[in-house]
Amino acid sequence: HRLLITGIMIAIKFLSDVFYTNTHVSRTNMNYLILSVGGLPVEELNRLELEFLIYNDFNLNITPAELSNCLERLTKVIPSETDVDQTFNP
């Protein structure tokens, strides 16, 4: 769950035009649910954020090819609407 919380927090900060510190993020209503569910203190969030960024070479951009590849892989594991209808309405 730490990876998910860290990824969501970094995505929020990356996509937002407004800069938020981790202390601010941990206190805002928008992110209160994320942090209260995860129960992570600000110090741990700081460490996780840095580790995440180092692991990704501080590159948070993805190419259209990478996005297309992810979509293709997801569509293979997520059932289609037709499959779901057949499961619940034989």
Side-chain angles (χ1 to χ4, degrees):
H1 81 286
R2 285 174 169 78
L3 176 62
L4 180 63
I5 292 168
T6 304
I8 290 171
M9 182 191 69
I10 290 173
I12 290 168
K13 291 166 78 172
F14 181 71
L15 296 172
S16 177
D17 289 335
V18 179
F19 173 75
Y20 294 107
T21 65
N22 288 350
T23 303
H24 180 78
V25 168
S26 70
R27 293 182 182 159
T28 61
N29 290 333
M30 175 178 69
N31 297 302
Y32 179 75
L33 179 61
I34 294 170
L35 297 172
S36 64
V37 169
L40 301 175
V42 173
E43 295 79 18
E44 186 172 1
L45 276 175
N46 290 338
R47 183 183 56 77
L48 290 169
E49 179 181 25
L50 183 58
E51 286 180 22
F52 187 99
L53 291 169
I54 289 171
Y55 183 77
N56 288 287
D57 295 325
F58 290 83
N59 181 8
L60 300 178
N61 293 305
I62 61 169
T63 65
E66 289 172 317
L67 186 59
S68 178
N69 184 10
C70 287
L71 176 61
E72 183 180 315
R73 291 171 59 196
L74 280 172
T75 55
K76 288 180 181 177
V77 297
I78 296 174
S80 69
E81 189 174 320
T82 305
D83 294 337
V84 172
D85 286 344
Q86 290 175 355
T87 301
F88 292 106
N89 300 315

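Atoms considered below: every heavy atom in the structure, side chains included; atoms not considered: hydrogens, waters and symmetry mates. The first residue in the sequence is number 1, and the count goes up from there. Because the structure is a prediction, the values reported are computed rather than measured.
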The criterion is salt bridge (Lys or Arg N to Asp or Glu O under 4.0 Å); which residues satisfy it with E72, sequence neighbours excluded? K76
Can you list everything that forms a salt bridge (Lys or Arg N to Asp or Glu O under 4.0 Å) with E51? Sequence neighbours excluded, please.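 Here the qualifying residues are R47.
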Residues which pass side-chain contact (heavy atoms from CB on, under 4.5 Å) with [X], listed by chain and number, not counting sequence neighbours:
X: E66; value: I62, T63
X: F58; value: L50, L53, I54
X: N61; value: F14, N59

Among the clusters formed by ILVMFWY side chains lying less than 4.5 Å apart, do L48 and Y55 turn up in the same one?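 L48 and Y55: separate clusters.
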Can a donor-acceptor pair be found, under 3.5 Å and without considering hydrogens, that links the side chain of T6 to the backbone of R2? yes
Spacing of I10 atom CD1 and N56 atom CG [to the nearest 0.5 Å]: 7.5 Å
